[in-house]
2 protein chains.
Amino acid sequence: MNKGDLIESVASQLNESKAHATKIVDAVLEGISQGVQRDGKVTITGFGSFERKERAARTGINPATRQPIEIKASRTINFRPSQSLKESLNEATV
Amino acid sequence: MNKGDLIESVASQLNESKAHATKIVDAVLEGISQGVQRDGKVTITGFGSFERKERAARTGINPATRQPIEIKASRTINFRPSQSLKESLNEATV
DNA sequence: ATTCGATCAGATCGCCCTTGTTCATCGACA
DNA sequence: TGTCGATGAACAAGGGCGATCTGATCGAAT
């Protein structure tokens with residue numbers, strides 16, 4: 001499923017045009033993105049929580065050359081689905 | 001940041017009422033959730049991708065009793081931020 | 001058409017994951 | 001807006017899984 005399908009789904013749910021749904025999806029994603037950037041964590045009850053995680057530097061391996069390399073610290077986004085979402089996953093397609 | 005703040009952000013971006021923004025956020029999250037459940041993966045260009053991951057069974061420990069327990073296989077959702085989102089993270093709050 | 005993401009390789013280290021309770025906070029409803 | 005119910009976070013400890021690195025290429029998506 002890609003962005004277009006998500007937009008179609010949203011458009012169908014809200015009974016809106018795809019053009020507007022595009023803006024909607026973009027706004028929501030933008031809001032989440034800004035929230036993570038500013039607050040460091042976005043908790044959405046019943047869905048899950050996005051959290052900015054600082055990844056410490058460590059020693060890794062370059063798969064191409066198989067040489068040990070030092071991976072410097074970076075930051076990523078960790079998403080943890082809420083209990084409800086996990087249950088939905090386990091119920092569906094079991 | 002919680003759901004209410006996200007709704008406010010969306011309402012501000014779209015210049016909509018908070019009531020409608022609530023429906024909007026709910027619809028987008030519902031769309032993503034359904035997409036993950038049905039397709040197993042939701043890729044949103046410029047934002048990231050949600051992927052349903054099967055977690056294998058393994059041996060864990062009950063922190064309360066410190067006894068080894070068998071954790072049965074389950075499934076969770078893995079979110080990988082896109083390159084653009086990572087760059088936004090590194091630029092902000094550095 | 002161009003850009004963006006996924007893929008794959010091997011290996012190391014990180015950190016997630018469990019249980020169960022309490023508590024505070026958040027959301028929803030009236 | 002106020003209240004009530006629901007939901008998430010925290011904590012503890014340890015083991016094993018999986019995430020992640022490069023980077024070029026291919027395919028898909030916009």
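Just so we're clear, the structure is a prediction, and the values are computed from it rather than from any experiment. Chain naming here is simple, since letters A, B, ... match the order of the sequence lines and numbering starts at 1 in each.
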Exercise. May I have the distance from Arg75(A) (atom CZ) to dC15(C) (atom C1'), rounded to whole angstrom?
Key: 19 Å
Self-check item: Thr59(B) vs dG16(D): side-chain N/O to OP1/OP2 distance below 4.0 Å
Solution: no
Practice problem: Determine whether the side chains of Ser33(B) and Gln37(B) contain a donor N or O and an acceptor N or O closer than 3.5 Å. | Solution: yes
Practice problem: Could you check how far CD1 of Ile71(A) sits from P of dC15(C), rounded to whole Å? | Solution: 12 Å
Quiz item: Does Ile77(B) reach the side chain of Leu85(A), with side-chain heavy atoms less than 4.5 Å apart?
Solution: yes
Quiz item: Whole Å only: how far is the CD1 atom of Ile69(B) from the C1' atom of dG20(C)?
Solution: 11 Å
Quiz item: If every non-hydrogen atom of Lys53(A) is compared with every non-hydrogen atom of Asn78(A), which pair is closest and at what distance?
Solution: CG-CB, 3.4 Å
Quiz item: Just by distance, with hydrogens left out, do Ser12(A) and Glu8(A) show a side-chain donor and acceptor under 3.5 Å apart?
Solution: no
Quiz prompt | Phosphate-side-chain proximity, Arg66(A) and dA9(C), N/O vs OP1/OP2 below 4.0 Å | solution = no
Enumerate all atom pairs, one protein N or O and one N or O from nucleotides 28-30 of chain D, separated by less than 3.5 Å.
from    : atom 1 : to      : atom 2 : distance (Å)
dA29(D) : OP1    : Asn2(A) : ND2    : 3.2
dA29(D) : O5'    : Asn2(A) : ND2    : 3.1

Self-check item: Most 5' of Gly60(B) and Ser49(A) on DNA chain D, judged by nearest nucleotide
Solution: Ser49(A)
Practice problem: Could you work out which one of dT20(D), dC21(D), dG5(C) sits closest to the side chain of Arg55(A)? | Solution: dT20(D)
Exercise. For Gln67(A) and dG23(D), give me the distance from atom CD to atom P, rounded to whole Å.
Key: 11 Å
Self-check item: Closest to the Ile61(A) side chain, choosing from dT22(D), dT19(C), dG10(C)
Solution: dG10(C)
Practice problem: To the nearest Å, give me how far apart CD1 (Ile77(B)) and P (dG18(D)) are. | Solution: 16 Å
Quiz item: So with a 6.0 Å cut-off around CD of Glu54(B), is the heavy-atom count from everything else above 12?
Solution: yes
Practice problem: Check the distance between dT20(D)'s C1' and Asn62(A)'s CG and give it to me in whole angstrom. | Solution: 12 Å
Practice problem: Name the residue closer to the 5' end of DNA chain C, choosing between Ile7(B) and Ile44(B) according to the nucleotide with the nearest heavy atom. | Solution: Ile44(B)
Quiz item: Is the shortest side-chain N/O distance from Arg80(B) to OP1 or OP2 of dA6(C) below 4.0 Å?
Solution: yes
Self-check item: Length of the line joining Lys41(A):NZ and dC26(C):P, which is rounded to integer Å
Solution: 11 Å
Quiz item: What is the nucleic acid contact for Thr65(A), judged by heavy atoms within less than 4.0 Å: base, sugar-phosphate only, or nothing?
Solution: nothing
Quiz prompt | Which residue lies more 5' along DNA chain C, comparing Ser74(B) with Asp5(B) via nearest heavy atoms | solution = Ser74(B)
Quiz prompt | Atom pair distance, as rounded to whole Å: NZ in Lys86(B) and C1' in dA6(C) | solution = 13 Å
Quiz item: Any side-chain N or O of Lys53(A) less than 4.0 Å from the OP1 or OP2 oxygen of dC15(C)?
Solution: no
Quiz item: Out of Ile44(A), Thr43(A), Val42(A), which one pairs with Lys3(B) under the side-chain contact (heavy atoms from CB on, under 4.5 Å) rule?
Solution: Ile44(A)
Quiz item: With respect to Val28(A), which candidate in Ile24(B), Ile32(B), Asp26(B) satisfies the side-chain contact (heavy atoms from CB on, under 4.5 Å) definition?
Solution: Ile24(B)
Quiz item: What is the ring orientation for Phe50(A) with Phe47(B), classed by angle as parallel under 30°, tilted 30 to 60°, or perpendicular over 60°?
Solution: perpendicular
Exercise. Would you mind telling me which of dT19(C), dG8(D), dA19(D) lies closest to the side-chain atoms of Arg58(A)?
Key: dA19(D)
